[in-house]
Amino acid sequence: MNDRPTWRLATQAVHAGKPRSRPDFQPTVTPIHPSVTYRYPSMEALDQVFAGTREGYVYARYGNPTVTALEEAVATLEKEDAALAFASGMAAIYAALLTVGARAGSAVVAAQDIYGATYALLDQLMRTQDVTVRFVDANDLDAVEAACADLQPVALLAETISNPLLKVADLPRLADTAHRHGATFLVDSTFATPYLVRPLKLGADVVIHSATKYLAGHGDVLGGVVVTTESLRADMLEVLKITGGNLAPQEAWLALRGMRTLTLRMRQHCDNAMQVARWLEDHPGVTRVLYPGLPSHPDHDLSTELFGEAGYGGMLSFEIASAGQREVFRFFEALELCVPATTLGDVHSLFLYPAHSSHRAVPTEEQARIGIGEGLVRMSVGIEAIEDLLQDLEQALAALGR
Ligand SMILES: Cc1ncc(COP(=O)(O)O)c(C=O)c1O
């Protein structure tokens, strides 16, 4: 038995996606299956697998047992029927949008401060493919309503916790708006993970994770997972089969291994981030701290409603007083423990400068309009000892004279 619906998240994280029973022996850990193709006892059996009337695998682009184990595990954690893994979070987002109908002549409404590459995918690629794209402030429900009423989009796309402004999406109300206008509601829940919230239980139709981040958790694997219904998964698999953005079995195995400790890591990420946020709020060299766990955050009450006791995640952003690019670079270079590098969700703490990395593709005026200032930095708070993290921040801010 790989999982039971009554098991709690921590138990499911450890057990879901375990190997299937074999008649002779049973490995306790999911094996890596590198085989690209498979033999069957008869051509008739192979034909049945192709037809989908018999369980099995025919070719790596159509599916792989190690990848299936990861998919089952993520679906279990999200309490949904089906998941499909991809070579990256971006491959997952693109396939999900294509599957729900983002094709020439259709429209998509998306949150304006989504991850930079997702913004570029919509703005630079999909628009050239004749998809009408409208970016809106997803926290302004009237604006979302107006855009959906105007465009009747095939998809509404938002992030549970936005990047880098850490806004929290009102998932049930956005789902309601999307559905009233016939749109599929897609949620990128990379920052939240099922540890904080399960958007599919709040009305979302599709949940997307960059598994590169918290799910895998150790900065050593690139991957993406879409969680949805069996029927949408089947449609998405047809897209995957012909576009080929498949996750490799070695990567799936690493991601699955990382996920076993998801709840332990997330608990520590949340605890540390809360302490860092409070410390920064009291620091005179910092003008603004964005963390949903702080009562000063505009979405604090909403996040408490959505995330319950779990916490508020491991991501925060803050603005260094009177800092432009030069000061931010000096701050990053002064860090001794935290790593200035382009990712998030790893066990170690990371810093990123949105204006020059994740949001580089977003025009400068648009960055300013949505609140991504020159002094804004984003921190992915790791699971190190809090005393060491605070000491590192203290000395790096002091190096700036703050
Ligand atoms: C919120 C979010 N979604 C999607 C992605 C894309 O994921 P990947 O880098 O695995 O393609 C990222 C990457 O940073 C992200 O932060």
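Computed from a predicted structure; not experimentally measured. Quick note: numbers below take in every heavy atom, side chains included, and nothing from hydrogens, waters or symmetry partners.
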To the nearest 0.5 Å, what is the distance between CG on Leu254 and CG on Leu70?
10.5 Å

Can you tell if the side chain of Glu159 reaches within under 4.5 Å of the side chain of Tyr115, non-hydrogen atoms only?
yes

Would you check if there is a donor-acceptor pair between the side chains of Ser296 and Tyr291 at a distance under 3.5 Å?
no

Identify whether the distance between the nearest side-chain nitrogen and carboxylate oxygen of Asp176 and Arg180 falls below 4.0 Å.
yes

Side-chain heavy-atom pair Cys270, Phe307 within 4.5 angstrom cut-off
no

Count the heavy atoms of every other residue, nucleotide or ligand shown that sit under 6.0 Å from CZ of Phe329, and state whether that count exceeds 12.
yes

Is a donor on one side and an acceptor on the other found under 3.5 Å between the side chain of Asp113 and the backbone of Ser162?
no

Note: Glu230-Arg233 ion pair, threshold 4.0 Å (strictly below)
no

Quick check: closest heavy atoms across Gly382 and Asn272, and the distance to 0.1 Å?
O-ND2, 3.0 Å

Show your working on side chain to side chain contact (heavy atoms under 4.5 Å, CB included) between Glu80 and Val207 and close with a plain yes or no.
CA-CA 10 Å; Glu80 187 52 82; Val207 162; over 6 Å; no

How far apart are the C-alpha atoms of Tyr214 and Tyr195, what are their side-chain angles, what is the distance that settles it, and do they pass the ring pair (Phe, Tyr, Trp, His ring centres under 6.0 Å) test?
CA-CA 10 Å; Tyr214 289 106; Tyr195 180 80; 9.8 Å; no

Heavy-atom side-chain proximity of Val339 to Asp346 below 4.5 angstrom
no

Given the rule in the side chain to side chain contact (heavy atoms under 4.5 Å, CB included) test, do Glu384 and Asp392 qualify, once you have shown the distances and angles that lead to the verdict?
CA-CA 11 Å; Glu384 299 97 334; Asp392 196 32; over 6 Å; no

Taking NZ, NE, NH1 and NH2 as the nitrogens, is one of them in Glu281 or Arg278 under 4.0 Å from a carboxylate oxygen of the other?
no

Give a yes or no answer on whether the side chain of Thr212 reaches the backbone of Leu222 with a donor-acceptor pair at less than 3.5 Å.
no

In terms of relative ring orientation, are Tyr119 and Phe135 parallel, tilted or perpendicular, with 30° and 60° separating the classes?
parallel

For His297 and Tyr312, what are the C-alpha separation, side-chain angles and deciding distance, and is it a ring pair (Phe, Tyr, Trp, His ring centres under 6.0 Å)?
CA-CA 11 Å; His297 191 285; Tyr312 300 90; 9.1 Å; no

Aromatic plane relationship, Tyr353 with His356 - under 30° parallel, 30 to 60° tilted, over 60° perpendicular:
tilted

Donor-acceptor pair, distance only, cut-off 3.5 Å: does the side chain of Ser380 make one with the backbone of Leu350?
no

Under the side-chain hydrogen bond (donor to acceptor under 3.5 Å, both in side chains) test against Glu78, which residue among Arg198, Lys201, His209 passes?
His209

Are there more than 12 heavy atoms of other residues, nucleotides or ligands under 6.0 Å from atom CD of Gln391?
no

Measure across Gly56 and Val49 and return the closest heavy-atom pair with its distance rounded to 0.1 Å.
C-CG1, 3.5 Å

Between Tyr57 and Ser35, is any side-chain donor less than 3.5 angstrom from a side-chain acceptor?
no

Can any side-chain N or O of His283 pair as donor or acceptor with the backbone N or O of Gly285 at less than 3.5 Å?
yes

Within the side chain of Thr66, is there an N or O that forms a donor-acceptor pair under 3.5 Å with the backbone of Pro31?
yes

Tell me, do His300 and Leu294 make a side-chain contact under 4.5 Å, heavy atoms counted?
no

Is a donor on one side and an acceptor on the other found under 3.5 Å between the side chain of Arg265 and the backbone of Gly258?
yes

So with a 6.0 Å cut-off around CD of Gln26, is the heavy-atom count from everything else above 12?
yes

Between Arg369 and Glu366, does a salt bridge (charged side-chain N to carboxylate O under 4.0 Å, His left out) hold up when you go through it step by step?
CA-CA 5 Å; Arg369 195 183 68 77; Glu366 181 63 6; 3.0 Å; yes

Between Phe86 and the options Val226, Thr243, Val225, Ile208, the side-chain contact (heavy atoms from CB on, under 4.5 Å) test singles out Val226

Looking only at atom types and distance, does a side-chain atom of Thr184 sit under 3.5 Å from a main-chain N or O of Val206, one as donor and one as acceptor?
no

Separation between CD1 (Ile386) and CD (Gln268), nearest 0.5 Å, reads 8.5 Å

Using modelled atom types and a 3.5 Å cut-off, is there a donor and acceptor pairing between side-chain atoms of Arg127 and backbone atoms of Val133?
yes

Residues, nucleotides or ligands: over 12 heavy atoms within 6.0 Å of Arg260 CZ
yes

Donor-acceptor contact present, side-chain Ser42 to main-chain Ala45, <3.5 Å
yes

Can you check whether Val289 reaches Trp279 side chain to side chain, under 4.5 Å on heavy atoms?
no

Run the side chain to side chain contact (heavy atoms under 4.5 Å, CB included) test on Asp170 and Glu305 for me, step by step, so that the C-alpha distance in whole Å, both residues' side-chain angles and the decisive distance to 0.1 Å come before the verdict.
CA-CA 10 Å; Asp170 190 337; Glu305 206 177 294; 5.8 Å; no

Evaluate the side chain to side chain contact (heavy atoms under 4.5 Å, CB included) criterion for residues Leu389 and Val381: first the C-alpha distance (whole Å), next the side-chain angles of each, then the deciding distance (0.1 Å), finally the verdict.
CA-CA 9 Å; Leu389 284 178; Val381 183; 3.9 Å; yes

Taking Thr190 for its side chain and Ser210 for its backbone only, find out whether a donor-acceptor pair lies under 3.5 Å.
yes

Calculate, to the nearest 0.5 Å, the distance between atoms CE and CG belonging to Met259 and Leu256 respectively.
6.0 Å

